[in-house]
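All values below come from the heavy atoms of this structure, side chains included, with hydrogens, waters and symmetry mates left out. For ligands, and for the atoms within them, numbers begin at 1 and follow the listed sequence.
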Amino acid sequence: MKQDNIFSTLKTPVDFNFDAAVVDVFPDMLRRSIPGYENIIRMLGGLACGYAQNNTRIYDLGCSLGAATLSVHRQTRDLSLQHICIDNSAAMIKRCESKLKRHMPATSVELICDDIQKIKIENASVVLLNFTLQFLPKEARFRLLKTIYNGLLEGGVLILSEKLIFNDEAVNQQFIDWHHQFKRANGYSDLEISQKRAAIENVLIPDSFETHQKRLADAGFTQTLQWFQAFNFSSLIALK
Ligand code: GEK
């Protein structure tokens, strides 16, 4: 695993973007930046397994290098499923394709390089939005959830992982401090933490748990359960 040093030297501030340099160090970046990332990946496969229906589709929206798809695949080998993986970073999709070909050569996988806002969802039993919704403009989030809801079969689920904000300012700051401490403990310097924060500030816009819960209910989901939280990072499962 190549080490992420992208923000280790002083840079002119530019918005974060998922380019080839990021792809090169991405597994290390996610592991050291998102508390619980590896556990979420491992466990979401098990969760999905309880809802995946034979002869249906599994969508991975903002698939990056396909980690979530691979986890689902590992736990649903006995089913006939079609995996649809979408990401609008060409560099991500290219690397994802070679990885999935290597690890799931006999499974039907369609890789699409496009904006998830343009995607049609059909015959889905599981939809994964693992740390992706937060990158969409806020006003586009409800429409995507509605599209997902409409494309899900009865009994289907959306697994939604996100960074959270908290309505109480002091509590919010506490969570941010804990997250930064987590990054420090994983070897990131204060310079790396502050430069990454500046680069991602206009790109990753988190919502609160309450906002997610209400928006999911408004989109039609009958129940939303929070199944994971580590500091200000959480994963929810929404049921149709
Ligand atoms: C994982 N799910 O490892 N359309 C398509 N893709 C998008 C869009 C968009 N509008 N906006 C962002 N992306 C992965 C991790 S990473 C999370 C997801 C992170 C893509 C973007 O290119 C990137 O690959 C991914 O969403 C977000 O389970 O980096 O914090």
Going by atom types only, do [X] and [Y] share a side-chain donor-acceptor pair under 3.5 Å?
{"X": "Glu192", "Y": "Gln195", "value": "no"}
{"X": "Thr69", "Y": "Asp60", "value": "yes"}
{"X": "Asp177", "Y": "Gln173", "value": "yes"}

Legend entry - Single-linkage hydrophobic cluster, 4.5 Å side-chain cutoff, Tyr149 and Ile58 together: no

Inset, instruction - Report whether Ile34 and Val25 are members of the same hydrophobic cluster (ILVMFWY, side-chain heavy atoms less than 4.5 Å apart, transitive linking). - result: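 In one cluster: yes.
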
Inset, instruction - Could you tell me whether the side chain of Val157 reaches within less than 4.5 Å of the side chain of Leu152, counting heavy atoms only? - result: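 No - every pair of side-chain heavy atoms lies 4.5 Å or more apart.
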
Legend entry - Pairwise side-chain contact, Ile116 with Leu136, heavy-atom cut-off 4.5 Å (strictly under): yes

What part of [X], side chain, backbone, both or neither, has a heavy atom within less than 4.0 angstrom of ligand 1?
{"X": "Leu136", "value": "side chain"}
{"X": "Asp114", "value": "backbone"}
{"X": "Phe18", "value": "side chain"}
{"X": "Asp115", "value": "both"}
{"X": "Leu204", "value": "neither"}

Legend entry - salt bridge (charged side-chain N to carboxylate O under 4.0 Å, His left out) assessment of Glu97 paired with Arg95: CA-CA 5 Å; Glu97 186 170 20; Arg95 184 74 61 92; over 6 Å; no

Ligand-residue contact atoms, ligand 1 with [X], heavy atoms, under 4.0 Å:
{"X": "Met92", "answer": "24 (O)"}
{"X": "Phe26", "answer": "16 (S), 29 (O)"}
{"X": "Ser89", "answer": "22 (O)"}
{"X": "Ile41", "answer": "28 (O)"}

Inset, instruction - Answer yes or no for Lys183 and Tyr188: cation-pi contact, defined as NZ/CZ to six-membered ring centre under 6.0 Å and angle to ring axis within 45°. - result: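 Relative to the ring axis of Tyr188, which defines the angle, Lys183 lies inside both limits.
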
Inset, instruction - Apply salt bridge (charged side-chain N to carboxylate O under 4.0 Å, His left out) to Asp218 and Lys146, showing your working. - result: CA-CA 9 Å; Asp218 289 347; Lys146 193 78 201 154; over 6 Å; no

What's the shortest distance from [atom] to any protein heavy atom, and which residue and atom give it?
{"atom": "atom 17 (C) of ligand 1", "result": "Phe131 O, 3.1 Å"}
{"atom": "atom 7 (C) of ligand 1", "result": "Asn88 OD1, 3.1 Å"}
{"atom": "atom 4 (N) of ligand 1", "result": "Ile116 N, 3.0 Å"}
{"atom": "atom 12 (C) of ligand 1", "result": "Phe135 CB, 3.8 Å"}
{"atom": "atom 22 (O) of ligand 1", "result": "Asp87 OD1, 2.6 Å"}
{"atom": "atom 28 (O) of ligand 1", "result": "Asn130 ND2, 2.9 Å"}
{"atom": "atom 1 (C) of ligand 1", "result": "Tyr37 OH, 3.5 Å"}
{"atom": "atom 18 (C) of ligand 1", "result": "Ser64 OG, 3.2 Å"}

Legend entry - Candidate list Phe175, Trp178, Phe231, test ring-ring contact (aromatic ring centres under 6.0 Å, His included), partner Phe166, passing option: Phe175

